[in-house]
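Note that ligands are numbered from 1 as they come in the structure, with each ligand's atoms numbered from 1 the same way.
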Amino acid sequence: MDKKNTKKSHIIIVSNRLPIILKKAENGKIEVEKGAGGLITAMAPILKNRNGIWIGWPGYVHEAGIDDNRFPAIQSAVSGYSVKSVMLSSDELKNYYEGFSNSILWPLFHGFTDKCIFLPEYWISYQEVNKKFALTVYQNTDDPDFIWVHDYQLILVGAQLRKFSKRTPIGFFLHIPFPPIDTFIRCPWRFELLSAMLEYDIIGFHTILSKRNFIGCIKKIIQDAQIDAKKAFDETVSEIRFNGRVIRTGVFPISIDYNEFSLHSWDKKVYKRSKKIRNNSPDTKILLGVDRLDYTKGIPEKLKAFKWFLTHFPRFHKKVHFIQLVVPSRREITAYADLKLKIEQLVGEINGIFSTNDWLPVQYMFRNLDRNELISLYRACDIAFITPLKDGMNLVAKEYCACNIDEKGVLILSEFAGAAQQFYQDAILVNPYDIEGTARAIYRAFNMPLEERNQRMRNLRENIKNKDIFWWLNSFLNAAIEKDLSSFPRVDEYFPDKPTANLGM
Ligand code: GDG
């Protein structure tokens, strides 16, 4: 048999961050830590099975003369597959990462155009760094490989690889929303970004809305692209024809390792810790928010809704305890530093108005918790309060439900989180801009009968269990190779067409 034919194809994952973290310890030595998260869990088996490589930045700023060859420990931190670092200088981090990625694409794609800083030097650096990533991919991969590029920091990698004459299949998954044309059009580099996306063979989004927005932009901006509008707008996976090539786009809502979270919740240490959290607030219901420090997460709006709730429903004083965990993120960017101050001011204001000697309404934490602590919080709380102004998916909502093993909890969820598309029947959906409506949702969650809570939570958990991270991975990879696209069921879709404040009291 031809040796070439028996060769197993490799899979290459390319993301801004590697599944490991390099850190400088106090003694000046570089230490390697394993990264965590659903994507890493999901990718590990397939990377091991397919002799894979993960290419990305290890979270450490390049110092002259240092490259990843100096860190043999990197390789021992992951087992069964290889990692390859792309080292970045502090200038690159400033212009490519904090600049183009997080001060242009992140706000633009989430619809916060007033926060975009369209500086040409950011664009130059973005192109250079994407080229650097592409070069690392090119130098470390043989044909036939499937290359899977992740997220908004690396949109140009596919196009750059084509310039290096890579003809092998390349996929792209966008972890954040794709904006509508009237937002996207404001980007001075709209044509370059969209054309680059069409160099991929398959492009995945979390929601049908993102896919439609993308198709809408292609139709207006890339004139020669041929699209069957009906299919493109309604079907899970559809095709675009452009320059003699076929590009597939599809809807693949990302998920979590359901079994891992659910099992972890049964852990004795988690049980003890969650009991302790509960005992600290006897006879009260715990409301929990877990968000990265980000203006898209709607933390000030959530605090305002909680204030409205306490102002208008005084009988719940001392009966509710709101724990808000804010995870530090991107503090170098002014918009994030300002947001932190705003949150702290609101927390102070609410506690100042309502707290008593034996009751603190808001417990605010600004730090990273370890996994045990986080899962204990999920287990301890009665109501998850997740109200982003815009979110690609929101994994916290899924993690909370997976950990709700007694099935008594309630999920309050923003209709602008991608997760709302999956959970609209069983979560209490809110419009986070509607402060009163969101406050009334807390009231409704408080008063929801046990039987109804059980039923809704069971449905939510079943949904996540059936569509876990492994399902997501398989759907994307199948869509890349499947001949008959009609085998993908149509997307179950939610559109907010009725007032959300109508929350029976
Ligand atoms: C982007 C998109 C999309 C949080 N606090 C701690 C901690 N976390 C973990 C959670 C969860 C993750 O961080 C947050 O994920 P999200 O999905 O909620 O949000 P983003 O970080 O904005 O992620 C988002 C996602 O990509 C995937 O495609 O859903 O829309 O914006 O996993 O558990 N983990 C630990 N300690 C903490 O204190 N260990």
Side-chain angles (χ1 to χ4, degrees), residues 13 15-17 19 21 33-43 101-102 105-112 148-154 172-179 204-207 209-210 251-258 260-261 264-265 270 273 288-299 323-330 336 339 364-379 381 384-403 411 413-414 416-423 464 467-469 472-473 475-476:
I13 303 296
S15 64
N16 177 58
R17 291 299 296 265
I21 308 156
E33 271 176 31
K34 272 189 190 177
L39 195 62
I40 299 174
T41 320
M43 294 301 174
S101 302
N102 289 330
L105 293 179
W106 177 270
L108 183 75
F109 280 30
H110 285 88
F112 290 83
W148 190 358
V149 180
H150 287 264
D151 227 359
Y152 63 103
Q153 302 92 348
L154 300 176
F172 178 77
F173 190 82
L174 185 70
H175 289 259
I176 63 174
F178 196 91
F205 301 99
H206 288 308
T207 64
L209 185 62
S210 283
V251 181
F252 313 99
I254 202 168
S255 193
I256 56 165
D257 184 347
Y258 173 89
E260 213 266 328
F261 274 97
H264 200 146
S265 302
V270 167
R273 199 187 275 266
L288 175 70
V290 174
D291 305 276
R292 226 170 15 78
L293 178 70
D294 201 293
Y295 48 81
T296 61
K297 302 289 182 186
I299 306 168
I323 303 180
Q324 175 64 51
L325 170 66
V326 177
V327 185
S329 155
R330 305 178 194 168
Y336 289 75
L339 175 66
Y364 163 70
M365 293 184 275
F366 182 70
R367 58 173 184 270
N368 236 298
L369 300 187
D370 72 30
R371 211 168 155 78
N372 263 333
E373 287 176 297
L374 182 65
I375 294 183
S376 309
L377 267 183
Y378 285 153
R379 266 212 73 175
C381 94
F385 195 23
I386 302 171
T387 56
L389 303 177
K390 190 75 188 163
D391 214 336
M393 174 54 61
N394 195 295
L395 294 179
V396 171
K398 295 192 171 183
E399 292 166 7
Y400 166 70
C401 297
C403 293
L411 173 63
L413 180 65
S414 160
F416 308 128
Q421 291 295 325
Q422 263 177 285
F423 296 159
I464 303 163
K467 293 187 171 176
D468 65 3
I469 186 77
W472 171 79
L473 181 74
S475 321
F476 184 88

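Under the 6.0 Å cut-off for aromatic ring centres, Y295 and H110 do not qualify, their centroids lying 6.0 Å or more apart. Taking the ring centroids of F252 and F205, they lie at or beyond the 6.0 Å cut-off.
Residue L288 holds its CG atom at 14.0 Å from CZ of R379, rounded to the nearest 0.5 Å. Between the CZ atom of F109 and the CG atom of L174 there is a distance of 6.0 Å, given to the nearest 0.5 Å.
No part of D294 comes within 4.0 Å of ligand 1, judged by heavy-atom distances. By the criterion of a heavy-atom distance under 4.0 Å, the side chain of V290, and not its backbone, is placed next to ligand 1. Proximity of W106 to ligand 1, defined as any heavy-atom pair under 4.0 Å, is confined to the side chain (atoms from C-beta onward). Under 4.0 angstrom from ligand 1, the non-hydrogen atoms of N368 come from both its backbone and its side chain.
Between the side chains of N102 and Q153, no donor-acceptor pair is found at a separation under 3.5 Å. Side-chain contact, H206 with H175: no donor N or O sits under 3.5 Å from an acceptor N or O.
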Full working for salt bridge (Lys or Arg N to Asp or Glu O under 4.0 Å) between E399 and R371: CA-CA 11 Å; E399 292 166 7; R371 211 168 155 78; 5.9 Å; no
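Those atoms of ligand 1 that come under 4.0 Å of a heavy atom in D391, given as number and element, are 24 (C), 30 (O), 31 (O). Atoms of ligand 1 lying under 4.0 Å from any heavy atom of G392, numbered from 1 in the order shown and given with element: 30 (O). Heavy-atom proximity to H206, at under 4.0 Å, picks out these atoms of ligand 1: 28 (O). The atoms of ligand 1 that sit less than 4.0 Å from any heavy atom of L325 are 38 (O).
Inclusion of L374 in the set of residues having an N or O under 3.5 Å from an N or O of ligand 1 is not warranted. Taking any N or O of D370, backbone or side chain, none lies under 3.5 Å from an N or O belonging to ligand 1. In terms of polar-atom proximity, defined here as any N/O pair under 3.5 Å, V327 makes no such contact with ligand 1. Any N or O atom pair closer than 3.5 Å counts here, and I254 shares no such pair with ligand 1.
Closest heavy-atom approach to atom 33 (O) of ligand 1 among the candidates R371, E399, R292, H110: E399. Between the choices H175, K297, M393, the shortest heavy-atom distance to atom 20 (P) of ligand 1 belongs to K297.
Assignment of E373 to the shell around ligand 1 is not supported, since no heavy atom sits closer than 4.0 Å.
Between F173 and W148, the ring-plane angle classifies as perpendicular under the 30° and 60° cut-offs. Taking the six-membered ring for Trp and thresholds of 30 and 60 degrees, Y400 and Y378 have ring planes more than 60 degrees apart, a perpendicular arrangement.
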